[in-house]
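Input: a single structure, listed below in C-alpha cells.
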Amino acid sequence: MWWGGRGQSFNVTPQKEEPEMGLSGPKSVQGSGMPEPRSHQLGSCLASGCLPVNGLSRVQLLRPGSLLKFIPEEILIHGQDFRLLRVGFEAGGLEPQAFQSETKDGMSFLLQVTMAIVQARAQNSQAQQYAGITLSKAGQSSGSRKPPIPLLETSEDWEIERKKQGARGWRVSTVNERFDVATSLPRYFWVPNRTLDSEVRRAFGHFHQSRGPRLSWHHPGGSDLLRCGGFYTASDPNKDDIRVVESMFQAGHSDIVLVDTMDELPSLADVQLAHLRLRALCLPDSSVAEDKWLSALDGTRWLDYVRSCLRKASDISVLVTSRVRSVVLQERGDRDFNGLLSSLVQLLSAPEARTLLGFQSLVQREWVAAGHPFLTRLGGTGASEEAPVFLLFLDCVWQLLQQSPAEFEFSEFFLLALHDSVRVPDTLTFLRDTPWERGKQSGQFNTYTQVYTAGYSQPPAGNSVNPQLSVWDWDLRYSKEQILQFHNLGYDPEHCPDSWLPRQQPSFMVPGPPSSVWLFSRGALTPLNQLCPWRDSPSLLAVSSRWLPRPAISSESLADQEWGLPSHWGACPLPPGLLLPGYLGPQIRLWRRCYLRGRPEVQMGLSAPTISGLQAELAHLQELLRKWTPRISPEDHSKKRNPNTIMSQSR
C-alpha cells in the first residue's frame, strides 16, 4: 500500500473525552465539520512516524522501536493533511504486540499498526473490505462504472469538450496517441485547424519536454488561452518550424500576449518550505506563543504565495476578457503553475467552471490529463521535487469561494474532500505523474508499443488501486448525506452558464491592432520585436523568454491599467461573469477549517453544516460566555444601563 508522503514527529496532550471514531463505525474526524470517509482516513493519516496512544489515564508517544508500556484504548493520529484522526479500541484495547518495532517477517512499524486497526475493525463490524480499506456499498457493484465526468481518455471526449467551448478554429490532434511525442502530455489535445500533425510533431520538439503550444480554454468572446513549456534553446529550428510555432502561438489572432508564468510566483522549493512551516505551525503541540501566532503565520509565506497566484490570475483573466487575443502561458516544465493559473483564470472568467461538474472537469483537464506530477509533488516518490502546488491551488479557490460565495455551486466541504483525496490509495487519479503511467497501470493501451521518455520514473508496482475508479466517484467513499454537503446552499442559480453570454458574440470585445506581440511580465505589457527567440538572432538561443528589458513592477493591477489604456486599445465595460478577486491585506485569510483540524478548540464558530452541529457550537459558545461574563449584582447592572451614570463616569 502507498501511504502518502514522508513522516514527521507529533506530540499530544491527554484527552478525556470520548473517541471521535470508534471501530464499530465512523463518527466525525476532529474539526472537519463533516464525517470522513474511511477509505482514506488510514491511507493519508498513517503517514507519520510516531503515534500517540491513550489509556485511561496515561499517554505515550510511540516511535519505531518504542516499547508500549500499557494496552492503549485510543490512538490519536495527526496526518500530513492537517487532520486529527481518533481511533478507539473496544474489548480491552489494542494489543501491545502491534507496536513492536520489528516482527519475524520484517513487517514495518506503520504496517503493523495499520493491520492491527484493520483486524480490530473486522472483529467489530461485518463491513466488507476493499484493499484493506472499507468502502461504501456503492463500490460493491461489478462491471464498469460510467465516470461522473469525462476523463478525457478518448478523442471523443476531447471533441465533445471542444464543441462545448465553441472552439471552432481548433481540432483534436492524435499525434501523441501512442505517447511517442511526450509521455507527460495527454494522448489528445487541441491544435489550430490549419496545423498538420506532422508540423505539430516537429514544432513540439523545440520546447522543453516536447510540451508545445496547445489550447487550454476558448473564451466565448473569441480569445484563446494557450499553455506551453519553455523554449528548448539547444534546438536549431528551420524557417518552416519557426513559422509553425508562430502560427500556433497566433492561433488566428492579430494580438498575441506571451505570459511569463513564473514571474512574481514562488519556486517549487518556496512552496514546499512554506507548506512545511504552515503544517508545523498548525500542529496542536506548536511551541509558538498565542500572541505571536499570527506573526509566525505571516512568516510561513503561505498566504503571500496565495496572494501572488490570485493577483497573477486576475491579471491574466483581464488579458483574456478585455479584448480578442491569443494569451500564451509559458512555464519551463508546463506542469505546475501553468495549470494553476489556467484553472484560476477559467474560474474567474467562466461561470460554468464554478459549477460542481464544471470544476471537476476543469481539474481533470488542466491537472490530471495535462500531466501534473501529483505523485512527485506530494512526496510519493521520495524525490527532492516535492511541492504541493495543487493544494496551493485549492487554497486559492477557497479564497474565491469566501469572497464570492453566491458565484460557486460547490461548497467548502467539497474543497475539503478534494484536498483530502490527493492521497486516496484506491484510485489512479492522483497516484501517478503522467497520463502514460496512469493509462499503462489501467491497461488502457496494452496493445501499443510504448515509446518511453528518459527522465520519467516507471509506474509504481502494486495492485492496491482499482484502475477503473477515479477520484470523482464520490459515492465510493462518501454517503449520500455527505455528498449533499458538497453543494453550496448560497449559490445563485442566475449565475449558471445558461444565463451567461452567447457563444462567439462579436460585439463583446474590441479587435486589437494588427501584428501586435507583447510580453506580460511584472504586471505590465512590453512590446516584443519577435515572438520566438531563434529568429534572426542566434545569440538569443541561450536566453530565456525574458529576452527584452523588463519593466519596473507596477503598483496597479492590470484591471486598472487595462480599463485606462490608450484609445487604440478600445474601452469596454467590465465583462459580465468576470470575477476580480481581492488580494490585499486581510482579504486573504487562513483556511482554518482545513489547516486547524488538529486543534478542535479553534474550530468552534466556523458554521457547522448541520443543525445538530450548530446546536453544539451554540451551546459551547453560551458556556464560554457564562464563564467569561463577570458576575455583577442587579444594582450594578442597572447602573451600567443608566445613561446619567454613564455620563458622570465619562466626565
Side-chain angles (χ1 to χ4, degrees), residues 147-153 157-158 160-162 164-165 167 170 172-173 176 182 184-191 209 211-219 223-229 259 261-262 265 309-310 312-314 316-317 319-320 327-375 377-378 387-398 400 408 410 414-415 418-419 421-422 429-430 432-435 438 470-472:
I149 62 169
L151 299 182
L152 300 176
E153 295 175 344
D157 288 346
W158 286 90
I160 293 174
E161 181 64 24
R162 185 195 66 82
K164 185 178 179 181
Q165 294 188 14
W170 299 81
V172 178
S173 172
N176 196 45
S184 64
L185 284 174
R187 298 173 65 189
Y188 312 99
F189 45 79
W190 298 313
V191 298
Q209 294 185 6
R211 297 179 67 91
R214 60 206 184 280
L215 178 66
S216 181
W217 176 61
H218 176 76
H219 190 279
S223 288
D224 289 313
L225 181 65
L226 288 70
R227 59 185 291 181
C228 68
V259 178
T261 295
M262 292 309 298
L265 291 187
C309 293
L310 286 176
K312 185 122 187 178
S314 176
I316 298 173
S317 66
L319 288 172
V320 172
V327 180
V328 184
L329 304 179
Q330 187 171 41
E331 177 191 18
R332 185 176 186 272
D334 182 38
R335 302 177 66 187
D336 293 292
F337 286 96
N338 265 4
L340 183 146
L341 290 179
S342 176
S343 301
L344 289 179
V345 168
Q346 294 177 56
L347 282 172
L348 293 174
S349 308
E352 182 180 357
R354 302 172 209 148
T355 64
L356 188 57
L357 290 179
F359 182 76
Q360 294 176 87
S361 298
L362 174 68
V363 173
Q364 182 70 27
R365 184 177 70 253
E366 298 297 333
W367 294 86
V368 181
H372 176 68
F374 284 101
L375 192 62
R377 295 293 180 257
L378 296 172
V389 180
F390 183 68
L391 302 186
L392 179 65
F393 162 70
L394 293 183
D395 198 320
C396 293
V397 178
W398 180 83
L400 298 176
F408 292 84
F410 53 86
F414 171 76
L415 292 179
L418 188 55
H419 178 281
S421 296
V422 296
T429 306
F430 298 139
R432 297 296 181 266
D433 281 345
T434 66
R438 202 174 289 112
S470 74
V471 72
W472 314 119

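Keep in mind that this is a model prediction, so the values were computed, not measured.
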Any chance you could measure His218, atom NE2, to Lys164, atom NZ, to the nearest 0.5 Å? 14.5 Å
Contacts of Arg214 that satisfy salt bridge (Lys or Arg N to Asp or Glu O under 4.0 Å) - sequence neighbours left out: Asp334
Rounded to the nearest 0.5 Å, how far does CH2 of Trp170 lie from CG of Leu215? 5.0 Å
Separation between CH2 of Trp217 and CG of Leu226, rounded to the nearest 0.5 Å: 12.5 Å
Closest non-hydrogen atom pair between Ser317 and Leu348, with its separation: OG-CD1, 4.0 Å
Can any side-chain N or O of Gln330 pair as donor or acceptor with the backbone N or O of Gly229 at less than 3.5 Å? yes
Please name all residues satisfying ring pair (Phe, Tyr, Trp, His ring centres under 6.0 Å) with Trp367, sequence neighbours left out, ordered by chain then number. His372, Phe390, Phe393
Can you check whether Thr429 reaches Phe374 side chain to side chain, under 4.5 Å on heavy atoms? no
Hey, could you give me the CG/CG distance between Leu362 and Leu344, rounded to the nearest 0.5 Å? 9.0 Å
Any side-chain to backbone donor/acceptor pair from Trp158 onto Ser173? Under 3.5 Å, distance only. no
Straight-line distance of Cys309 SG to Leu340 CG, nearest 0.5 Å: 4.5 Å
Those residues at least two apart in sequence (or on a different chain) that pass side chain to side chain contact (heavy atoms under 4.5 Å, CB included) with Ile160 are none
Heavy atoms only: give me the nearest Pro435-Ala369 pair and the separation to one decimal. CG-O, 3.3 Å
Glu366 meets the salt bridge (Lys or Arg N to Asp or Glu O under 4.0 Å) criterion, sequence neighbours left out, with Arg227
Show, in sequence, the C-alpha distance, side-chain angles and deciding distance for Val363 and Val471, and conclude whether the side-chain contact (heavy atoms from CB on, under 4.5 Å) test is met. CA-CA 11 Å; Val363 173; Val471 72; over 6 Å; no
Exam field: side chain Ser314 to backbone Leu310, donor-acceptor pair closer than 3.5 Å: no
Could you work out, with salt bridge (Lys or Arg N to Asp or Glu O under 4.0 Å) as the rule, every residue matching Arg332, not counting sequence neighbours? none
Might you work through the side-chain contact (heavy atoms from CB on, under 4.5 Å) test for Ile316 and Lys312, ending with a clear yes or no? CA-CA 6 Å; Ile316 298 173; Lys312 185 122 187 178; 4.0 Å; yes
Excluding sequence neighbours, so at least two apart, what forms salt bridge (Lys or Arg N to Asp or Glu O under 4.0 Å) with Asp336? Arg377
Without swapping roles, check the side chain of Arg335 against the backbone of Thr434 for a donor-acceptor pair under 3.5 Å. no
Here the pair of heavy atoms bringing Ser349 nearest to His219 is CB-CD2, 4.4 Å
Provide the closest heavy-atom pair for Leu400 versus Phe408 in the form atom of the first, atom of the second, distance. O-CE1, 3.6 Å
Checking Glu352 side chain against Gly358 main chain: does a donor-acceptor pair fall under 3.5 Å? no
Report yes if the side chains of Asp224 and Trp190 come closer than 4.5 Å at any heavy-atom pair, otherwise no. no
Who pairs with Ser361 by side-chain hydrogen bond (donor to acceptor under 3.5 Å, both in side chains), at least two apart in sequence or on another chain? none
Below 30° counts as parallel, above 60° as perpendicular, anything between as tilted: where do the rings of Phe359 and Phe414 land? perpendicular
Shortest non-hydrogen contact between Gln209 and Ser184, atoms and distance: OE1-OG, 4.1 Å
Separation between OG (Ser342) and CD (Glu331), nearest 0.5 Å, reads 11.5 Å
By ring pair (Phe, Tyr, Trp, His ring centres under 6.0 Å), which residues pair with Phe337, not counting sequence neighbours? none
Taking all atoms of both residues into account, what is the closest heavy-atom pair of Val328 and Cys228, and its distance? CG1-SG, 3.9 Å
Qualifying residues under side-chain hydrogen bond (donor to acceptor under 3.5 Å, both in side chains), relative to Glu161, sequence neighbours excluded: Gln165, Arg365
Applying side-chain contact (heavy atoms from CB on, under 4.5 Å) to Asn176 and Tyr188, what does each step give before you reach the verdict? CA-CA 6 Å; Asn176 196 45; Tyr188 312 99; over 6 Å; no
